[in-house]
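Only one structure is covered here, and it is reproduced in the block below.
Lettering follows sequence order; numbering is per chain, from 1.
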Amino acid sequence: MESIKNRYAIVGVGESERSKNSGTTPLHLALDAARAALNDAGLQAKEIDGFMSYSENDSCTSHQLATYLGVRPKYVKDILGGGSSTEMLIADAVGLIESGQLNTVLIYRSMNGRSGVRMGGGGWDVNMLQTAIEGGSFIIPYGAGSPAQWFGLFATRHMHETGLTEEHLGHVCLAFYEHAQRNPKAYFYGKPLTMEEYLKTPYLSYPFKKHDFCLESDEANAIIVTSAERAEGCKSRPVYIMGLSARQCVSHAHYWNDLTEVAADYVAPEVYKMAGVKPEDIDVASIYDCYSWVVLRQLEAYGFAPRGEVGNFVAEGNLRIGGKLPSNTAGGMLSEGYTHGMNNVLEIVRQVRHEYKGTVRQVENCEIGICTGWAGPDMAGAMILRN
Amino acid sequence: MGYQKPIPLKTQDNRPYWDGADRHELILQKCNSCHQYSHPPGPSCAKCGSSELSWESQGSDINGKVYSYIVSYRPFLPGFQDDLPLVIAIVELEMLPQVKLIGNILQCSPEDIEVGMPVKMVWMEIADERSLPQWIQL
């Protein structure tokens with residue numbers, strides 16, 4: 001297969017309402033997001049022949065969604081997964097379109113992430129957790145049952161090795177909270193954050209305070225992928241996929257063995273190579289931000305700042321609109337909302353097609369954007385998009 | 001009141017480790033092909049995929065140093081509410097630095113914990129004939 005660079009595009013994005021208590025089902029949320037994405041693209045539901053979703057057993061099925069859009073699709077797929085799944089399903093969609101099996105694919109993530117099944121909400125059966133989580137019996141008996149704790153173990157070591165400080169974590173939060181103040185749909189719109197407030201907030205799990213955690217939200221997002229040829233007939237301005245690395249894995253890094261490498265270290269060269277660009281060519285970014293620290297480690301991995309200098313890079317305000325690498329410009333998962341990364345994909349599409357032109361939300365002259373998806377130090381995916 | 005926290009579940013992949021812990025002995029899985037230690041243990045070697053595995057006793061006198069840590073101020077799992085703040089650490093073994101174990105540093109305040117801190121393994125009796133490897137500051 002030849003390079004797929006610039007031959008596929010995202011032609012529609014859409015979301016449901018975002019809340020802490022939707023009062024409705026993931027199927028209703030998914031329908032809202034799918035209709036919004038169809039409307040954005042100017043497509044009829046019947047023009048979608050593939051439906052895909054990812055979930056943690058907390059969603060509706062692609063089959064259900066297609067059914068209630070009145071479509072009999074040729075293809076449905078539901079995978080288990082969190083961060084980096086958006087990139088993986090886009091890669092799958094591209095492969096299916098490339099091989100002539102499908103024309104246009106709708107990918108969604110729908111969840112009652114706060115009022116329904118909560119990732120960090122507790123209430124889990126501890127014996128179930130020991131068997132469900134890889135190596136579970138070596139962490140659960142020690143009280144390490146939350147992703148915040150696992151990511152914290154990586155963060156503390158990385159901070160120790162590179163001199164990153166709590167203030168550097170704070171700069172990530174401050175930049176994204178600042179962006180949320182420009183986004184009326186962000187959950188923390190109207191709730192700005194200062195460094196003083198950040199530093200005086202008590203720890204939930206050192207080194208993390210509440211601002212370092214992503215939100216738990218009820219919401220659905222959808223995106224529509226098709227060929228560049230077919231994209232020309234859509235209502236929206238297509239955003240072309242320059243480079244894509246679906247999902248790479250690092251064996252057994254998740255809990256403790258080698259905290260110096262993360263899967264993003266392996267994804268970065270591949271995605272830049274396919275796209276034919278360098279980190280300095282990137283104008284805008286969506287960096288997977290389940291925790292503030294994850295952003296710092298990825299900035300290293302994707303070559304935006306050398307190891308040991310990431311702290312200065314963020315302290316200089318480079319993640320803010322107006323900085324060198326405006327990132328998570330809708331507020332990110334820390335302050336806009338949380339759908340295991342898909343809301344960050346929606347935002348990068350909107351930025352690259354200059355949807356906010358004339359407002360304070362638009363990153364000026366942004367032609368190329370990167371979106372990184374990361375489920376943990378053990379797996380990652382990313383894509384580079386252009387106007 | 002008995003022990004309220006989760007008790008390690010023995011499975012076909014980890015049983016020798018936890019049986020060893022119950023005898024106050026550290027038993028690690030080792031690959032006969034690439035000669036690397038596998039922790040956590042698994043159905044085959046996570047480094048090379050070989051299923052030629054053996055179990056090796058490291059004895060009962062285990063020292064290490066803190067490789068990384070967090071301090072939990074919330075009980076993310078049931079049973080830990082009386083142990084806050086709870087120090088959860090990754091400990092690098094002194095004689096096998098390539099092996100790292102997760103555990104709690106007992107009787108350690110958040111002010112005292114730091115990367116590199118020397119620690120010693122202790123076995124905490126948690127149920128009839130069940131013990132949990134833990135760590136105290138040396």
Side-chain angles (χ1 to χ4, degrees), chain A residues 118-161 201-210 212-213 250-260 291 293 378, chain B residues 3-11 13-15 17-18 21 37-42 46-49 66-81 83-92 98-104 110 113-116 124 126 130 132-135:
Chain A
R118 296 175 63 184
M119 298 305 293
W124 303 96
D125 177 271
V126 291
N127 286 345
M128 182 278 285
L129 281 181
Q130 286 196 53
T131 49
I133 298 170
E134 172 68 28
S137 76
F138 296 89
I139 53 176
I140 298 300
Y142 298 104
S146 161
Q149 299 165 316
W150 310 333
F151 280 94
L153 288 168
F154 280 89
T156 306
R157 180 69 192 181
H158 187 237
M159 291 164 78
H160 170 79
E161 287 181 358
T201 300
Y203 300 114
L204 287 178
S205 181
Y206 172 89
F208 298 148
K209 309 159 193 290
K210 66 178 181 184
D212 299 294
F213 286 61
V250 176
S251 75
H252 246 309
H254 201 143
Y255 300 122
W256 47 87
N257 219 344
D258 182 2
L259 300 201
T260 60
Y291 297 94
W293 166 78
D378 53 349
Chain B
Y3 187 74
Q4 297 297 306
K5 295 170 203 154
I7 290 173
L9 282 182
K10 293 182 182 179
T11 68
D13 295 327
N14 70 26
R15 186 174 297 275
Y17 179 95
W18 291 116
Y37 290 90
S38 282
H39 189 82
K47 308 279 193 319
C48 76
V66 172
Y67 179 77
S68 193
Y69 67 91
I70 60 124
V71 186
S72 248
Y73 293 85
R74 291 269 178 95
F76 289 93
L77 291 170
F80 292 91
Q81 58 277 3
D83 293 328
L84 306 178
L86 175 73
V87 176
I88 300 172
I90 302 176
V91 176
E92 182 181 285
Q98 67 271 42
V99 178
K100 299 177 182 78
L101 309 179
I102 284 187
N104 302 125
I113 181 80
E114 60 180 6
V115 172
M124 183 192 263
I126 56 173
R130 290 305 307 270
L132 186 68
Q134 288 285 24
W135 302 90

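Here the straight-line distance linking atom CH2 of A/W150 with atom CD1 of B/I88 works out to 11.0 Å at 0.5 Å rounding. Atom-to-atom distance recorded for A/Q149:CD and B/S72:OG is 3.5 Å, nearest 0.5 angstrom.
Remark: B/R130 CZ is packed, more than 12 non-hydrogen atoms of other residues, nucleotides or ligands lying under 6.0 Å away.
B/Y69 touches chain A through backbone and side chain together, each having a heavy atom under 4.5 Å away. Only the backbone of B/Q98 comes within less than 4.5 Å of a heavy atom of chain A; no side-chain atom from C-beta onward does.
Contact count against chain A (heavy-atom pairs under 4.5 Å) is highest for B/P133 among B/G116, B/P78, B/P133, B/G42. Interface remark: of the candidates B/L132, B/L86, B/I70, B/I70 forms the most heavy-atom pairs closer than 4.5 Å to chain A.
In terms of heavy-atom proximity, B/I7 sits nearest to A/N127 at O-OD1, 4.5 Å. Here the closest non-hydrogen pair linking B/L9 and A/Q130 is N-OE1, 2.8 Å.
Taking 4.5 Å as the limit, some side-chain heavy atom of A/L259 sits within range of a side-chain heavy atom of B/Y67. Side-chain atoms of B/P110 and A/Y203, non-hydrogen and from C-beta on, never get closer than 4.5 Å to each other. Taking the side chain as every heavy atom from C-beta outward, A/F138 and B/W18 approach each other to under 4.5 Å.
Ring pair B/F76/A/F213 is parallel by interplanar angle, where below 30° counts as parallel and above 60° as perpendicular.
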